[in-house]
Structures are given as C-alpha cells and as structure tokens.
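For reference, the structure is listed below as structure tokens.
None of these values were measured; they are calculated from a predicted model. Sequence lines set the chain letters: A, B, ... in the order given, protein chains first and strands last, and positions in each chain run from 1.
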Amino acid sequence: MTAFRVELFARYAELLGAEEVALELPTPVTVSMVTDALRALPGGEVLPARPVLARNLRIAAPADTIEPGDLLALLPPLAGG
Amino acid sequence: MTAFRVELFARYAELLGAEEVALELPTPVTVSMVTDALRALPGGEVLPARPVLARNLRIAAPADTIEPGDLLALLPPLAGG
Amino acid sequence: MAALTTEPIDQTALGALVLRPGYGAVTSFVGHVRNHHGGRSVDRLCYSAYHQMAERECAAIAEEAMTRWEVVVAVRHRLGDLVVGDIAVAVAIGSAHRAEGFAACRFVIEEVKRRVPIWKHEHYADGTSAWVDPTAGVERSESEGP
Amino acid sequence: MAALTTEPIDQTALGALVLRPGYGAVTSFVGHVRNHHGGRSVDRLCYSAYHQMAERECAAIAEEAMTRWEVVVAVRHRLGDLVVGDIAVAVAIGSAHRAEGFAACRFVIEEVKRRVPIWKHEHYADGTSAWVDPTAGVERSESEGP
C-alpha cells in the first residue's frame, strides 16, 4: 500500500468538504485509481468521471504512476483571467 | 489667376526656409501645378517629383483641382508613432 | 518575480518592467472584472489558486513566449476578493517590433486562461454565488443558496 | 478628446477612458522613444504635426475601428521634445472580447503610423540631427551639422 495526500481546490474542496484528503491505495498507484478513490468519498459522486489531477505541478494522464512523495492536487475547471 | 497659400512642415519647411508660401497660378489650378511651383522655389529643387499635398485635410491626387480658399499643406514622409 | 498577487495590479508599473532602452514597443492586455456573467449581475468575486503550480505555469508561459519571440514578458494575476472594475489579470510585453509584441501578448493571455490553475467564485446582485466553469457555463455553488 | 498632446501620456488614465462596466478587456500599445535608430545613438527627439489634419486623421481612425469592431478607442500622440524612454504614442482599446481588442489595437497603431501627419526630428549623441523618413531610412538634416 502507498499512502499519500491530495490537495483539493475551489468547487471540489467544497464538494468534498476538505482542502486535503489522505488516501492509501495498493501499490502501484495510478492517477485513475486516485481519482476513482476521490469519487468514492462522500460528496465525490458529483465529480466528473475523469477529473484533472496534477502530479508534481503538471497535469497527469490517467495511466501515470504515482510515486511516494508526489505532490497531488485535484483541479476543477480553470477559470483564471 | 488664383492666389493661395501652402503650409510647409518639418524637413520641407527647412528646405524652403518658410512655414508658409504664397503662390499665384493661372486658373484652373491643379495639385501638380502647385507642387511644381513649390519645386521651382529656392531650396525646392530637392523636393521629390511628386511630393504629397493635402487639400482640406486630405491627401490630394496630382490632377485634383484647387479651389480658392482651400487649405493646402505640403507633407514630408510621415514619421509618427 | 511572483505572478500572483493579492494587491491591486499597477499596469504602468508592469509596463515599466518590460521596457528596455532598445525596446520601444510595450503591448499589454488587462482583464477587468465585468458587471455581468452568464446573464447574471456580478457584485464581486474571489479568485483562488493552486499557488505553487500557478506560479510555475506563469513562469513557463513567459519562458515559452521569450523563446518564440524576441520579447520581455511580465504577467500578473490577482487573487482574493475583487469588485467590478478591478484588474484581474495583466500581461505586458516589451519588444523591438510591434508584430512580435502583439503575437506574444495574445499567446500569453490565452495560455494563462488555458493553463494556470486559478478559480473564480462569483457573487451576484441577487445574493447567490457560483464557481465559474468556462467549460460548462456557470455552475450553481453547492454551499450557498439562491 | 484631443489625440495630440505636449504633456506626458498617462497609460493608466488612457486605459480608464475605454473601460465600460460590460467591457472587461483593455488591450493597449505604447511606443516609447528608443535609444537608437538606423545604427545611431539617439539622445532626444522632437515631434511636430500638421495639427488640424492629424487630429482629424486620429478621429477618423478611431471611428473606423469602432465601426469595424465592437470596441471603444483612445489614441494619444505626444508632440514637442521627448527623451529616451518617454511615451511617444499610446493606443487603448476597450472591448468585451479579447480577439476584437487585439485586432482593433493593431489596426489603430498601424493606421496612426501610416496616415497621421506627424514628423520626427532626432538628435544623436554625436551632436548631429536628422528628420526621420521611414520610406528612405534616416535623412541628414540640411540645417544642422555633419
């Protein structure tokens, strides 16, 4: 198992009622495993099927592998500018 | 004959040593007659063959006719901006 | 220089940052808070960001522009509470040539909107609020009532 | 509003002129005096104009832009003595949409350079001076030394 934390922002932080979530998943962990685990949390059911996850400050692909210590963040649709 | 004045600017005012020139030409007066008359003045020989003349605040064509009271100005190459 | 700020953005100061003695052209884009969105009357809004990634993306966008064109780039995005008319985002491009300045300015503002993790929570005149989702129009917030 | 001014141009004030509550985008172009031209080191310069025609052309250019795009236009050109770094010309465009703002801003600055009767007398570090002729490079002034 690998333990890690995912930062949440804006509407997604509101939906899940937290700015950070701690997860533990069987190694090797992929991005889609993380987003599926977030969607299984209370409030997570309204997340899109493939929400955007950033890994080490870059948008990650669903099949990317998560390493221990990676910076993870779930990104709602961007609305800057 | 028609009498009129032509305003001069920038390098052309320097060349002709005046900011305004008074001319009298046989009616009907055309733009090219005005520019030819200006080129015949002392210092005017270095003007281009077809210098730009503005008539009533618009660029005039060489064959345009000048009416008494028209605002005339000889424009060196523009260099604004 | 940090791209994100909670202080009001000074466009003149931003333009001065990209001025070089040999660069005469400064092209800029400034986005102000509008008084309406999606047919609703906007009172105020709040921008938040994934701070570390947003700074990284702004720096990367500026780098990309400076690689593609011979320009100097400055970008600022405001965070926190803003009212109608406030500057939300500003881009300034210093260049020797106009064409490069316009191309780089357009590129930077488009990329900022596309790539920088910033979110906008709008508060409307009728007391409601919503997170703005440019991919789907305006979503009603779950946390605040109509 | 007069386009020609002998006072320093305030870019922030110009941007404020084109801001409307429903128009969030302000696109601007500012041209500063450069420290060189045609391989020569520029100290200062003097802009002069055919005042009445220049005002008329600036107003016509703004009108044309406002007809072609849904924008608000402000243009200023400085006259008189300027030093390196001073703002010579500034264009600000207010619009609801970025694309229109960029298109109108580019149009206005190109037309100002092409159509407005303004002339530039440059003074160089070596003590010489010349009238700038964009159609032919730099012409040596007849009235001043080598």
Side-chain angles (χ1 to χ4, degrees), chain C residues 8-16 18-37 39 41-43 45 72 82-114 120 125, chain D residues 8-16 18-37 39 41-43 45 72 82-114 120 125:
Chain C
I9 293 168
D10 179 344
Q11 194 198 347
T12 301
L14 200 67
V18 300
L19 202 58
R20 300 285 177 274
Y23 280 14
V26 177
T27 312
S28 7
F29 178 85
V30 176
H32 296 260
V33 176
R34 285 193 284 176
N35 65 355
H36 68 271
H37 182 233
S41 185
V42 174
D43 259 2
L45 54 77
V72 182
L82 281 75
V83 297
V84 172
D86 282 348
I87 295 180
V89 62
V91 176
I93 308 289
S95 63
H97 305 290
R98 291 192 298 291
E100 291 194 312
F102 277 97
C105 192
R106 186 76 197 269
F107 169 81
V108 170
I109 185 64
E110 298 300 333
E111 291 299 290
V112 165
K113 285 177 171 271
R114 195 175 71 79
K120 175 156 67 169
Chain D
I9 294 169
D10 179 343
Q11 194 197 350
T12 301
L14 200 68
V18 300
L19 202 58
R20 300 286 177 277
Y23 281 15
V26 178
T27 312
S28 11
F29 178 84
V30 175
H32 297 259
V33 176
R34 286 192 284 177
N35 66 353
H36 68 271
H37 182 233
S41 186
V42 175
D43 258 2
L45 53 79
V72 182
L82 280 76
V83 297
V84 172
D86 281 348
I87 296 180
V89 61
V91 176
I93 308 289
S95 63
H97 305 289
R98 291 192 297 290
E100 293 194 309
F102 277 97
C105 192
R106 186 76 198 269
F107 169 81
V108 170
I109 185 64
E110 298 300 333
E111 291 299 291
V112 166
K113 286 176 172 271
R114 194 174 72 77
K120 176 157 65 170

Among A16(C), G15(C), C105(C), which has the most heavy-atom pairs under 4.5 Å with chain D?
C105(C)
Short N-O contact, E110(D) and R106(D), less than 4.0 angstrom:
yes
Heavy-atom pair with the smallest gap, counting every atom of I9(C) and A90(C):
CG2-CB, 3.8 Å
Once you measure the plane-to-plane angle for F102(C) and F102(D), does it fall in the parallel (<30°), tilted (30-60°) or perpendicular (>60°) bin?
perpendicular
Where on A92(C) is there a heavy atom nearer than 4.5 Å to chain D: the side chain, the backbone, both, or neither?
neither
Relative to chain D, which of A99(C), A88(C), G101(C) shows the most heavy atom pairs under 4.5 Å?
A99(C)
Residue from V89(C), V30(C), T12(C) scoring the most non-hydrogen pairs under 4.5 Å with chain D is V30(C)
If you count heavy-atom pairs within less than 4.5 Å of chain D, which of I109(C), V84(C), V33(C) leads?
I109(C)
What distance do L14(C) atom CG and L19(C) atom CG have between them, rounded to the nearest 0.5 Å?
12.0 Å
What pair of heavy atoms forms the shortest contact from R34(D) to G22(C), and how long is it?
CD-O, 3.2 Å
Quick check on the interface: out of R20(D), H36(D), R98(D), who has the most heavy-atom pairs with chain C under 4.5 Å?
R98(D)
